Amino acid sequence: MRFGYEFYGNDVLTLAPSLLGQYLVCVSPENNVTRYIITETEAYRGEEDLACHASKGRTQRTEIMYNRGGNLYIYLIYGMYWMMNVVAGNKNEPQAALIRGIEGFDGPGKLTRALGIDKSFNGEDLVKSDRIWITESGMNPDYITTPRIGIGYAGEWKDKPWRYLMKSITVATLHAT
DNA sequence: GTAACGATCCTC
DNA sequence: AGGATCGTTACA
């Protein structure tokens, strides 16, 4: 069952962990439908959060985050990697959950590369799109939190425990590294 | 205009 | 430890 706007309208601190264990469903250009369990997310919350792109205010790039939750926010980082975020919260509350990992693809740049996510997905509506959406899995996995990755510049905000990892995946990762 | 900087990943 | 690679932002 596909999630609706009421789900994405939750505060990002609720939505980001709620996405863990759910199914990200993608339709390839060849019309193959694949679903992946979401395993890792991060929350970016409001203009006051110095790690959030909206801390720079309303710009052409961040405009999408000011929409009601349910759209994708896609941007290019380091000139090479597309980051996929789920816009959360109410209109004019700039919030987004970064998808950092899915089953089989650990890392935000790797998963977008694997799924063919690019700039054309910016603003995609997860409630209505015919090529990407999220469905309820029935899972309610345990998870752990850590500070967010790669945002050391964000002052006191860098320590917020707003990274969420599904526990079963975390254990496997710890043993592997 | 011009310059600096990334919510990363891969290869030394 | 360092390089790839380019859109966004800030500032002149």
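Convention: sequence-line order gives letters A, B, ...; per-chain numbering from 1. Fair warning: this is a prediction, and the values are worked out from it, not measured in the lab.
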In whole angstroms, how far is the [atom2] atom of [N] from the [atom1] atom of [X]?
X: A:M80; N: C:dT8; atom1: CE; atom2: P; value: 16 Å
X: A:R148; N: B:dG6; atom1: CZ; atom2: P; value: 14 Å
X: A:Y81; N: C:dT8; atom1: OH; atom2: C1'; value: 19 Å
X: A:I99; N: B:dA7; atom1: CD1; atom2: P; value: 17 Å
X: A:K110; N: B:dC9; atom1: NZ; atom2: P; value: 6 Å
X: A:K56; N: C:dT8; atom1: NZ; atom2: P; value: 14 Å
X: A:R58; N: C:dT9; atom1: CZ; atom2: C1'; value: 18 Å
X: A:W82; N: C:dT8; atom1: CH2; atom2: C1'; value: 12 Å

Looking across every strand, which nucleic acid part, if any, lies under 4.0 Å from [X] by heavy atom: base, sugar-phosphate, or nothing?
X: A:I149; answer: sugar-phosphate
X: A:R61; answer: sugar-phosphate
X: A:K119; answer: sugar-phosphate
X: A:G79; answer: base

Below 4.0 Å: OP1/OP2 of [N] and any side-chain N or O of [X]:
X: A:Y75; N: C:dC6; value: no
X: A:H53; N: B:dA7; value: yes
X: A:R163; N: B:dA7; value: no

Do we count A:Y78 as stacking onto B:dT8 if the rule is ring centres under 5.5 Å and planes under 30°? yes
Any donor-acceptor N or O pair under 3.5 Å, side chains A:N92, A:R58: yes
Would you kindly say whether A:E47 and A:Y66 are connected by a side-chain donor-acceptor distance under 3.5 Å? yes
Could you check if a side-chain atom of A:V87 sits within less than 4.5 angstrom of a side-chain atom of A:Y8, using non-hydrogen atoms only? no
Ion pair present between A:R100 and A:E42, side-chain N to carboxylate O less than 4.0 angstrom? yes
Using both distances under 3.5 Å as the test, list the Watson-Crick or G-U wobble partner of C:dT5, or none. none
Using Watson-Crick geometry (N1-N3 plus N6-O4 or O6-N4) or G-U wobble (N1-O2, O6-N3), each under 3.5 Å, B:dA7 is paired with none
Does the structure place the NZ or CZ of A:R113 under 6.0 Å from the centre of the six-membered ring of A:F105, at an angle of no more than 45° from the ring's axis? no
